[in-house]
**Q** 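Pasting in a structure now, in structure tokens, and then I'll have a few things to ask.
In what follows, chains carry the letters A, B, and so on, assigned in the order in which the sequence lines appear, proteins first and then strands, with residues in each chain numbered from 1.
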Amino acid sequence: MTDLPDDYDPDRIEQHWRDQWRDTDLYAYEDHEDRPDYIIDTPPPYPTGNLHIGHGLQWSYIDFAARYHRLKGDDVLFPQGWDCHGLPTEVKVEENHGIHRTDVSREEFRDLCIEHTEEQIDSMKETMDELGFSIDWSAEFRTMDESYWGKTQRSFVEMEDDVHRDEHPVNWCPRCETAIADAEVEKEDRTGTLYQVAFDGVETDPIEIATTRPELLPACVAIAVDPEDERYEGRVGDTFEVPLFGQEVELIADEDVDGEFGTGAVMICTFGDKQDVDWWARHDLDLRPVLTEDGHLNDLAGEFEGQTIPEAKENVAEALDDAGHLVDENSTEQAVGVCWRCDTPIEILSKEQWFVRIDQDAIVEKAKEVEWIPDHMYARLEEWAEGMDWDWVISRQRVFATPIPAWECQECGHWHVAEVEELPVDPTETDPAVGACPECEAEEWVGETDVMDTWMDSSITPLHISGWPEEITREEFEPVALRPQGHDIIRTWAFYTLLRTGKLTDERPWDTVLVNGMVFGPDGNKMSKSRGNVVTPREAIDDYGADAVRQALALGGQPGADVQFQPKEATSASRFNTKVWNITKFAAGHLDERTVDIEDPAYRDADRWILGRAAQVAERVDEAMQEYRYDSALREVREFVWHDLADDYLELVKGRLYEGRPGERNAARHALLTALSSSLRMLSPFAPFLAEEAYDALPGLDGSVHAAEWPTLPDFDEETVDRGQLVADVASEIRSWKSEQGMALNAELDRIEVFTDLEGDGALDTYDLSSAVNAPVYLESGRPNVELVPVGVDPDHASIGPKFRDEAGAVIGALEAADPAALKAQQETNGEVELDVNGEAVTLDADAFEVVEEQQAASGEEVEVVELDDATVLVYEG
RNA sequence: GGGCUCGUGGUCUAGUCGGUUAUGACGCGGCCUUUACAAGGCUGAGGUCGGUGGUUCGAAUCCGCCCGAGCCCA
């Protein structure tokens, strides 16, 4: 036991325990034989250097789950990875060093990226530590480490059947100069200009088309109309000349054309969008690529060659106008596909790339095996999966990523993929083990410079954390327990992981996906610098302490819901923490090392009540935790600690603790210790620092609260617990009565009389009550010695409703209109009541209503009446 | 355009497989130093549960429509 300072000081406590825990293996996964595994597929965040409060929410949920499952005796693995590869780091490194990535060798550039990433990770780890996450750092992984990306390569090699290298149109970001997957394209609403352009006919009348992309005219390969469109009847097959660029294109019919739009005629370019790709393939059209990889026009654009896309758009429009081909222009709203990393509008280029085949049905099937929380999030995955029409392009024309382990034969162009044994390998530095080309016997290889999509790295996290391939084979893989996941990346991280785990192991990756919402600012808007509503974890911790911030996040809503960060929730949590502190301080002063070992405590009803309540709370909280209802779990614990334990129980047993006889005093001590230690254990997932400090301060409790077990409490029969509850209620009512009277709460009373119709044979235990209210307590039965004045009736709708159906309203009306005193008399003498309802006699059971009585002291007596639900108390002030 | 989620006192939130007076917090008003706690206790005001129509004896809760917010997809 330690002496607790008077005031709750989160800074001191949290710093202290962070230091204590740092060098322990409190959170280590032990791979224990006889304890069930609980393995968490923790998200590997991108190392931006900045762990924001959204991460804070997500990791808080993870930590709640991890700490709860440890209490339940599970062998918990809470690893932490880092999804290092990617463009933003490359850009940052170029910026910081004032270089372009081609200024140095690939190797050197990679090293700079690694160095930068390590700094970013350190800073994020610091915030994680401050928030008190129980991460097992011995299971940390970084996708940029050879030991990890070697696995990414291995997974690539082992999926060889589903990998293909082909030329195919792909989404291309002209700023990042790389292919990107469908999932990395976002739609953004922008205002653009819709140009009406007239094409001269070749031996026929001109035709007008509408386009937002005049700069793609040089890429125009056809014009299409709806086959049903009467305006173009008989014209399909006509030939037209593309203005300014001169190529001749044919008018074709395709039912995908939206006849309602503009003139109903649309130009097909290679490629303006995915629709163009469909038409191009379906009608076997020419390929006229006019865009370069860095977003300029090429020589097919003639005089516009070398211009950027926006420049060319403007210049071509102007030239069309000058040449008399521009019929009209108006502004239009359009959804533009943009690169999710840099917001640059994407293009579609036809390029040789590596692809992974997508089997939509297989993915959906696995997704269905997973429990989604909340369950409607499954729909997002399903919708996305079913809408996929292109294979996943996994090659990227970048540097800082997992190398694609493949070489091209310089002689015959054969592509050779590495064998598992030679991994990890960087094909730009090492030749393949195979030696001569299996196709042509040549020995000159060129290593693939393309690298992998970072989702190739992060979509094998369940395999990695399960110990593949060193400890388990693919076949031995079993789904891990939990995947925490933001709903914004369901189409990527969840989707790809389902795909890859399914392909590699034939299993679902996890049992449960727990989707967290976003964290909004205190004003209810998305946090943004321009709004000035950004709350950083550090600021919040400085203001309220991590224990309070975690609670505020837990109470912000049910998992899956977006959470508005509310300073007042943190305030409220902080007050609760203070309360816990004070309770602990009080308890610690009354308990000693022997308390925990007290045998057969002589419990009184108050003790049985608090322990019974604690048992009930432990069960409810357990259920809520299992259902990931962290909000209701925490509410339940708080309610119990504050109201039952602090307000009621402590007040009831103070007398015994201060001056009780040894046996009775020990019973109170023992019950207090049990209830408090149970509370702290239930609280420990939410407020790990405070719970630990308090647990540590209680004499006789060994070890860390985080190594303790979920509370198991003695069983008491319901009646005993109810009697204790009544004692607590009476004490509480007398307390507020005294407060209302302006009396000191410890003011002495002459006596109180408790009238109760409590059933069962045990009499009310008034020992604690008497000292709590500071008055002798007399138990009475029957009617209090006061006037009972029936003042109304309280009908039981649940019983009258179904019985009388459409007459129920009239019955209740008659009941309420009747004289309460007469009803009371009938109820007591006959056990039922006859009523006149719309001229008909109706018989009501006695329990169909209750007569509400106000009890008034008989005149002349100095007595106050305090009424409870199931008792009436007479207070004699004396 | 399609889909999903949500709308409860000033603010945030619980309750939503129908059943009496709708939960709690923050804030606001009043009263109170009581041997853990004034970062406390007691108490008060404040809600036509987005609107509307329906089902039902009875709707915050179920159904239809409308309005509003947000997200995902096209």
Side-chain angles (χ1 to χ4, degrees), chain A residues 4 6-10 182 186-187 258 273-275 335 337 374-384 386-388 487-488 490-491 517-518 520 522-526 544 548 551-552 555-558 560-590 629 631-632 635-636 638-639 642-643 645-647 650-651 654-655 657-659 672 732-733 735-747 774 793-813 849-850 852:
Chain A
L4 288 173
D6 277 351
D7 291 322
Y8 167 62
D9 175 4
D182 285 350
E186 276 177 356
K187 288 289 159 74
D258 177 10
D273 55 23
K274 277 187 151 190
Q275 179 69 66
D375 59 6
H376 64 255
M377 288 297 174
Y378 161 78
R380 294 234 177 143
L381 189 283
E382 189 191 67
E383 205 186 339
W384 175 255
E386 288 176 351
M388 293 294 291
H487 61 66
D488 51 335
I490 287 176
R491 66 180 183 178
M518 303 284 124
F520 294 130
D523 60 355
N525 292 305
K526 219 171 211 167
Y544 308 100
Q551 292 179 58
L555 291 172
Q558 338 186 337
D562 291 332
V563 169
Q564 194 167 330
F565 183 79
Q566 296 283 344
K568 65 186 188 177
E569 287 291 358
T571 302
S572 148
S574 174
R575 286 181 190 167
F576 172 70
N577 291 347
T578 304
K579 194 79 186 178
V580 172
W581 180 265
N582 286 315
I583 297 167
T584 306
K585 202 167 51 157
F586 171 81
H590 286 279
R629 284 298 308 269
D631 57 327
S632 49
R635 248 193 307 274
E636 187 87 30
R638 275 203 199 178
E639 183 87 353
W642 205 313
H643 294 115
L645 186 57
D647 287 350
L650 246 42
E651 295 302 330
K654 266 182 186 168
L657 290 172
Y658 280 112
E659 52 210 23
L672 173 59
S732 161
E733 281 301 321
R735 202 160 51 241
S736 56
W737 175 81
K738 280 183 178 176
S739 179
E740 279 169 58
Q741 301 301 306
M743 298 169 74
L745 295 186
N746 58 354
N774 200 11
V793 64
D794 181 15
D796 179 12
H797 292 74
S799 126
I800 297 172
K803 188 166 174 190
F804 295 97
R805 313 293 299 176
D806 51 352
E807 292 235 288
V811 171
I812 287 166
F849 65 95
E850 254 176 67
V852 181

**Q** Treating A:Asp562 as the side-chain partner and A:Met518 as the backbone partner, does any N or O pair qualify as donor plus acceptor under 3.5 Å?
**A** yes
**Q** Rounding to the closest angstrom, what is the interatomic distance between B:rG46 and B:rC6 at atom C1'?
**A** 24 Å
**Q** Rounding to an integer number of Å, can you tell me how far A:Met377 CE sits from B:rG3 P?
**A** 18 Å
**Q** Indicate, with a heavy-atom threshold strictly under 4.0 Å, whether A:Lys579 touches base, sugar-phosphate, or nothing.
**A** base
**Q** Just to be sure I understand the rule, does A:Pro795 reach a base, reach only the sugar-phosphate, or reach nothing, if contact means heavy atoms closer than 4.0 Å?
**A** base
**Q** Do A:Asp631 and A:Arg629 come close enough that some side-chain heavy atom pair is under 4.5 Å?
**A** yes
**Q** Reading nucleotides 55-64 of chain B 5' to 3', which nucleotides get B (base under 4.0 Å from a protein heavy atom), which S (sugar-phosphate only), which -?
**A** --B-------
**Q** Reckon A:Gln566 touches a base, only the sugar-phosphate, or nothing at all at heavy-atom distances under 4.0 Å?
**A** sugar-phosphate
**Q** Using atom P of each nucleotide, how far apart are B:rC63 and B:rU11 to the nearest Å?
**A** 27 Å
**Q** About how many Å separate NZ of A:Lys585 and CG of A:Asp7, when rounded to the nearest 0.5 Å?
**A** 6.5 Å
**Q** Using a cut-off of strictly less than 4.0 Å, decide whether A:Trp642 has a side-chain nitrogen or oxygen near OP1 or OP2 of B:rG41.
**A** yes
**Q** What integer distance in Å separates A:Asp523:CG from B:rG70:P?
**A** 13 Å
**Q** Given B:rC42, B:rC73, B:rA25, identify the nucleotide with an atom nearest to the side chain of A:Ser572.
**A** B:rA25
**Q** Distance check, P atoms only: B:rU21 and B:rA60, in whole angstrom units.
**A** 10 Å
**Q** Give a yes/no answer on whether the side chain of A:Gln564 brings an N or O atom under 4.0 Å of OP1 or OP2 in B:rC26.
**A** no
**Q** Show your working on side-chain contact (heavy atoms from CB on, under 4.5 Å) between A:Asn525 and A:Asp523 and close with a plain yes or no.
**A** CA-CA 6 Å; A:Asn525 292 305; A:Asp523 60 355; 3.4 Å; yes
**Q** When the distance from NZ of A:Lys274 to C1' of B:rA74 is rounded to whole Å, what number comes out?
**A** 11 Å
**Q** Could you tell me whether A:Arg491 and A:Glu186 make a salt bridge, using a distance below 4.0 angstrom between a side-chain N and a carboxylate O?
**A** yes
**Q** Looking at OH of A:Tyr544 and CG of A:Asn577, how far apart are the two atoms once the value is rounded to the nearest 0.5 Å?
**A** 13.0 Å
**Q** When all nucleic acid strands are considered with a 4.0 Å heavy-atom cut-off, which category describes A:Ala646: base, sugar-phosphate, or nothing?
**A** base
**Q** Just by modelled atom types, is the A:Val580 backbone N or O under 3.5 Å from a matching donor or acceptor in the A:Thr584 side chain?
**A** yes
**Q** Would you measure the distance from the P atom in B:rC26 across to the matching atom in B:rU20 and give it in whole Å?
**A** 27 Å
**Q** What's A:Glu651 touching, base or sugar-phosphate or nothing? Going by heavy atoms closer than 4.0 Å.
**A** base
**Q** At under 4.0 Å between heavy atoms, what does A:Trp737 touch on the DNA or RNA strands: base, sugar-phosphate, or nothing?
**A** nothing
**Q** Checking all strands, does A:Thr571 fall into the base, sugar-phosphate, or nothing category for heavy-atom contacts under 4.0 angstrom?
**A** nothing
**Q** Within this structure, what is the CD-to-P distance between A:Gln551 and B:rC12, rounded to whole angstrom?
**A** 21 Å
**Q** How is A:Lys654 classified with respect to the nucleic acid when contacts are heavy atoms under 4.0 Å: base, sugar-phosphate, or nothing?
**A** base
**Q** Could you state the CZ-C1' distance from A:Phe520 to B:rU11, rounded to the nearest angstrom?
**A** 17 Å
**Q** For B:rA74 and B:rG58, measure between their C1' atoms and round to the nearest Å.
**A** 44 Å
**Q** Among B:rG2, B:rA14, B:rG27, which is the nearest nucleotide to the side chain of A:Glu383?
**A** B:rG2
**Q** When rounded to the nearest Å, what value does the distance between C1' atoms of B:rU55 and B:rA14 take?
**A** 27 Å
**Q** Within the pair A:Arg635 and B:rC12, is there a side-chain N or O less than 4.0 Å away from OP1 or OP2?
**A** no
**Q** Categorize A:Lys526 for me: base, sugar-phosphate, or nothing, with a 4.0 angstrom heavy-atom threshold over every strand shown.
**A** sugar-phosphate
**Q** When the P atoms of B:rA38 and B:rG47 are considered, how many whole Å apart are they?
**A** 33 Å
**Q** Between A:Asp182 and A:Lys274, is there a salt bridge with N-O shorter than 4.0 Å?
**A** yes
**Q** Distance from A:Asn746 atom CG to A:Glu651 atom CD, nearest 0.5 Å?
**A** 10.0 Å
**Q** Given pairs defined as Watson-Crick or G-U wobble with both distances under 3.5 Å, what dot-bracket annotation applies to RNA chain B, with ( ) intrastrand, [ ] crossing, | other strand and . unpaired?
**A** (((((((..(((......[....))).(((((.......))))).....(((((..]....)))))))))))).
**Q** Between B:rC31 atom C1' and A:Leu745 atom CG, what is the distance in whole Å?
**A** 12 Å
**Q** When the P atoms of B:rC37 and B:rG29 are considered, how many whole Å apart are they?
**A** 26 Å
**Q** Within the pair A:Arg735 and B:rU43, is there a side-chain N or O less than 4.0 Å away from OP1 or OP2?
**A** no
**Q** Does a side-chain heavy-atom distance below 4.5 Å link A:Trp642 with A:Arg575?
**A** yes
**Q** Is a donor on one side and an acceptor on the other found under 3.5 Å between the side chain of A:Ser574 and the backbone of A:Ala570?
**A** no
**Q** How do A:Ala798 and A:Tyr8 order along RNA chain B: which one's closest nucleotide is nearer the 5' end?
**A** A:Ala798
**Q** Which part of the nucleic acid, if any, lies within reach of A:Ile490 when heavy atoms closer than 4.0 Å are counted: base, sugar-phosphate only, or nothing?
**A** nothing
**Q** If you check the A:Lys568 side chain, which of B:rA14, B:rC4, B:rC26 turns out closest?
**A** B:rC26
**Q** Measure from the side-chain heavy atoms of A:Gln558 and tell me the nearest of B:rU34, B:rU43, B:rA14.
**A** B:rA14
**Q** Over how many whole Å does the gap from A:Asp631 atom CG to B:rC12 atom P extend?
**A** 17 Å
**Q** Side chain of A:Ser739 only, heavy atoms from C-beta on: which candidate in B:rA74, B:rG27, B:rC42 is closest?
**A** B:rC42
**Q** Once you round it to whole Å, what is the distance between C1' of B:rU43 and NZ of A:Lys738?
**A** 17 Å
**Q** Side chain of A:Asn746 only, heavy atoms from C-beta on: which candidate in B:rU34, B:rC42, B:rC26 is closest?
**A** B:rU34
**Q** Side chain of A:Glu740 only, please: which of B:rC12, B:rA39, B:rU43 is the nearest?
**A** B:rU43
**Q** Of the nucleotides B:rA39, B:rC12, B:rU34, which one has an atom closest to the side chain of A:Glu569?
**A** B:rC12
**Q** Are side-chain heavy atoms of A:Met377 and A:Leu381 found at a separation under 4.5 Å?
**A** no
**Q** Just verifying a value: how many Å separate A:Trp737 CH2 and A:Met743 CE, rounded to the nearest 0.5 Å?
**A** 5.0 Å
**Q** Toward the 5' end of RNA chain B, which comes first, A:Glu186 or A:Ser632, by nearest nucleotide?
**A** A:Ser632
